[in-house]
Undergrad: 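One structure, as structure tokens, below. Some questions next.
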2 protein chains.
Amino acid sequence: MANIRDIAASCKLSVATVSKALNGYSDVNEVTRARVLDAAKRLGYFPNAQARSLKTSRSYQLGVLFIDENNNGLTQYFFAKVLNSFKMEAERLGYHITFITKKLGNAELSYLQSCRHIGVEGVCLACIDFDQPEVEELDNSGLPLVSIDYILKNSPAILSDNRNDMASMVRFVKERGHSRIAFIHGPPSRVTSERIRGFTNAMKDAGISIDPTLMAESPYTDSVKAFEAVTKMLKLENKPTCIFLPDDSCAFGAIEAINKMGLRFPEDVSLVGYDGIRFTQMMSPNLTTMRQDAEAIGLAAAKALINNIEAPEHKHMTPVVVSGQLLPGGSVSQLN
Amino acid sequence: MANIRDIAASCKLSVATVSKALNGYSDVNEVTRARVLDAAKRLGYFPNAQARSLKTSRSYQLGVLFIDENNNGLTQYFFAKVLNSFKMEAERLGYHITFITKKLGNAELSYLQSCRHIGVEGVCLACIDFDQPEVEELDNSGLPLVSIDYILKNSPAILSDNRNDMASMVRFVKERGHSRIAFIHGPPSRVTSERIRGFTNAMKDAGISIDPTLMAESPYTDSVKAFEAVTKMLKLENKPTCIFLPDDSCAFGAIEAINKMGLRFPEDVSLVGYDGIRFTQMMSPNLTTMRQDAEAIGLAAAKALINNIEAPEHKHMTPVVVSGQLLPGGSVSQLN
DNA sequence: CTGAAAGCGCTTACAG
DNA sequence: CTGAAAGCGCTTACAG
């Protein structure tokens, strides 16, 4: 591909002048600039990002960490949408997206090494195990970061409003006459504990005491495990009339469990999900759930990260809280 | 971060020797090499990829084009899995993954320009509009490519065995006693036409003549449109007993349509999907469908691409065809 | 076995 | 307004 020297030769100018013309410096004659721009176009010139980066220490690359231990970050609809929206906003602001990895060929490197190696200017952390020491190393490195649904010490976070969103779902269910409400929640994490807190607070506000037998844990997105957890719940002497699930994907297992038990859905057992994925909205009855605003989350993450790259003197640290949207569905029956 | 000069200073060696020690050249004293490696570790050294790339023209970066016009490539489970598997294999072989984009800040660039700018060594084209002239430009540029479910003139392709897979689904349905079989297929594309060919061939082999009123088009993954298409199909005088859908996602709309018409599923109308996404397998009855081997596709794509980068003299051009796996499901009823 | 030197494609103080 | 020169961090023929 043509480089800056080809343009210089073609225009009989120095590379310095060509560079300045290309980069819009004011101290270059407008006629000269036009000639340069014309030659650049004619020669199909596009700057070599690595050369520029080497000189300016600006790579305009952003790293993303979207893969959890099970390598399935991307295949979760929510994270796919967050990444999509993050990517679009980042590109609009002039940045490319690269995946950060810990294994490269035979080498094992830390997240930080990987970032320095590729030369990303910032990183978005989403679907990963935040408890790794390497995450702390990253957070202490000075490299701008943004995290999603987790709060790091030195970096801004974008958070779903899990606590309040959960509470409003409890109120919704309560208004439909339910009081034996079970909560099958996900494994320990910041998200889970926020949801549990929102649930218990709202139950208390509603004057319903929490029955520990109606609290259980089951992995996110695992429909088979949800089937088992719901089955167990429905074998209780005093069974719930409504079950909150870890997320929407779990609803498939839950419905199955209800059917297998010979109960009617939603007349005998109501269900509530979390996320707002497409599929459970197309079913009938559709699932009552909390639509997470993945677009807003990805967008906010890109904005916060790029702000902290470009204006470190105005480093933005306060978490951005993004509210979800309650999607009322036929999966919650009206009691008496 | 520490650079090669820091190591040189620390070891009182020249940068040349340090570089050679680091890169495993044989003409360096083993004691010296050990000292260098030790210092590198101590200083937290990791090579600057852009500097190396600038000098060697090897970036070890691969571009991916996974976003269609609607910006939803990643959110399709199939493509997310392909990308995931592509990424894992590429990283295992020492390559990073970067998204290629046409818009970067204010600049509009062609795919090729974007690739040259970032300096990727190859590109994987998946969920995009292959008819754009820019794709041809890419294919003619000499940059190594690999395409998924589409055949380019100068590059290897990884293909699902749409034709044969489709045919085996037709045979499956035929064996269950169906002969009024409708096919709601996706919009024109290579994938669609292969599936149509597989369908019509298998019908012919089964001795069933094709009724044009039972052929219709509806977009992939669009459950609402599928609802409409199925409804229309079920209003026919002589309606089908079994309907093939564009893909699994469409099944949600299809089931809805059957229910709304007051028909029973699957007793009155059977359904067949395509893809093998998790959700329709968890439902009951589960969907008869073709599980696409996304992992194998992503893996093969990475292997083919990297082979063509590293061994251009043995350029691999023959398409790799990946068979799917028929998942028999309760969504196809046994007729009499 | 080690090192001095050139150069990858760019940018940027500085001189003129 | 233009250009010569240095340098970003690395690699690699070449000399010794």
Side-chain angles (χ1 to χ4, degrees), chain A residues 1-37 39-40 43-61 94 104 107 113-121, chain B residues 1-37 39-40 43-61 94 104 107 113-121:
Chain A
M1 212 169 54
N3 62 28
I4 209 174
R5 268 221 313 274
D6 298 326
I7 300 180
S10 159
C11 295
K12 304 207 188 303
L13 286 167
S14 72
V15 294
T17 302
V18 169
S19 174
K20 283 185 279 193
L22 252 18
N23 288 298
Y25 280 54
S26 59
D27 64 342
V28 56
N29 184 299
E30 278 311 320
V31 177
T32 307
R33 184 193 310 281
R35 278 171 55 216
V36 169
L37 259 31
L43 297 171
Y45 171 80
F46 216 82
N48 178 311
Q50 10 243 12
R52 172 181 287 175
S53 166
L54 190 58
K55 184 64 190 162
T56 61
S57 321
R58 301 258 7 223
S59 69
Y60 292 94
Q61 293 247 12
L104 199 59
Q113 282 180 316
S114 183
C115 291
R116 300 285 192 213
H117 174 60
I118 315 177
V120 296
E121 296 192 56
Chain B
M1 213 169 54
N3 63 27
I4 209 174
R5 266 219 315 275
D6 298 326
I7 300 181
S10 158
C11 298
K12 304 208 187 303
L13 286 168
S14 72
V15 294
T17 302
V18 170
S19 173
K20 281 186 280 193
L22 252 17
N23 288 298
Y25 278 56
S26 60
D27 63 342
V28 57
N29 184 298
E30 279 309 323
V31 176
T32 306
R33 185 195 308 281
R35 280 172 55 217
V36 168
L37 259 32
L43 298 172
Y45 172 79
F46 216 81
N48 178 311
Q50 9 245 12
R52 172 181 287 174
S53 166
L54 189 58
K55 183 63 190 165
T56 63
S57 319
R58 301 256 8 223
S59 69
Y60 292 94
Q61 292 249 10
L104 198 60
Q113 283 180 314
S114 183
C115 291
R116 300 286 193 213
H117 175 60
I118 314 179
V120 295
E121 296 191 56

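Bear in mind that the values here come from a model prediction, so they are computed numbers and not experimental data. Excluded from the calculations below are hydrogen atoms, water molecules and symmetry mates; all remaining heavy atoms, backbone and side chain alike, are included.
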Undergrad: Nearest of D:dG9, C:dC1, D:dA4 to any side-chain atom of A:Ser14?
TA: D:dA4

Undergrad: Taking atom C1' of D:dA13 as reference, at what distance in whole Å does atom CG of B:Asp27 sit?
TA: 11 Å

Undergrad: Please determine whether the number of non-hydrogen atoms from other residues, nucleotides or ligands lying under 6.0 Å from atom CZ of B:Arg5 exceeds 12.
TA: no

Undergrad: Ignoring the backbone of B:Ala51, work out which of D:dG9, D:dA4, C:dG3 is nearest its side chain.
TA: D:dG9

Undergrad: Would A:Arg58 and A:Glu121 count as a side-chain contact (heavy atoms from CB on, under 4.5 Å) if you check the C-alpha gap in whole Å, the side-chain angles of each, and the deciding distance to 0.1 Å?
TA: CA-CA 7 Å; A:Arg58 301 258 7 223; A:Glu121 296 192 56; 2.9 Å; yes

Undergrad: Which one, D:dG9, D:dT11, C:dC1, comes nearest to the side chain of B:Asn3?
TA: D:dG9

Undergrad: Send over the distance from B:Ile118 CD1 to C:dG9 P, rounded to a whole Å.
TA: 18 Å

Undergrad: Per the side-chain contact (heavy atoms from CB on, under 4.5 Å) rule, which among A:Val36, A:Ile7, A:Ile4 passes with A:Ser19?
TA: A:Ile4

Undergrad: Measuring only between side-chain heavy atoms, which start at C-beta, is B:Leu22 closer than 4.5 Å to B:Tyr45?
TA: yes

Undergrad: Between A:Ile4 (CD1) and D:dG7 (P), how many Å, whole number?
TA: 19 Å

Undergrad: Nearest-Å distance, NZ (B:Lys12) to C1' (C:dG3)?
TA: 16 Å

Undergrad: Just how far, in rounded Å, is C1' of C:dG3 from CZ of B:Arg5?
TA: 15 Å

Undergrad: Between C:dC10 atom P and B:Gln50 atom CD, what is the distance in whole Å?
TA: 14 Å

Undergrad: What is the distance, rounded to the nearest whole Å, between atom NZ of B:Lys20 and atom C1' of D:dC10?
TA: 14 Å

Undergrad: Using a heavy-atom cut-off of under 4.0 Å over every strand shown, decide if B:Ser57 touches base, sugar-phosphate, or nothing.
TA: nothing

Undergrad: Please tell me if B:Thr17 has a side-chain N or O lying less than 4.0 Å from either OP1 or OP2 of C:dG3.
TA: yes

Undergrad: Look at all strands and tell whether A:Thr56 reaches a base, only sugar-phosphate, or nothing, counting heavy atoms closer than 4.0 Å.
TA: sugar-phosphate

Undergrad: Have a look at B:Thr32 and say if it touches a base, only the backbone sugar-phosphate, or nothing, with a 4.0 Å heavy-atom cut-off.
TA: sugar-phosphate

Undergrad: For C:dA4, which nucleotide in any strand shown is its Watson-Crick or wobble partner with both distances under 3.5 Å?
TA: none

Undergrad: Taking only N and O in the side chain of B:Asn48, is any of them less than 4.0 Å away from OP1 or OP2 of D:dG9?
TA: no

Undergrad: Please tell me if B:Tyr25 has a side-chain N or O lying less than 4.0 Å from either OP1 or OP2 of C:dG3.
TA: no

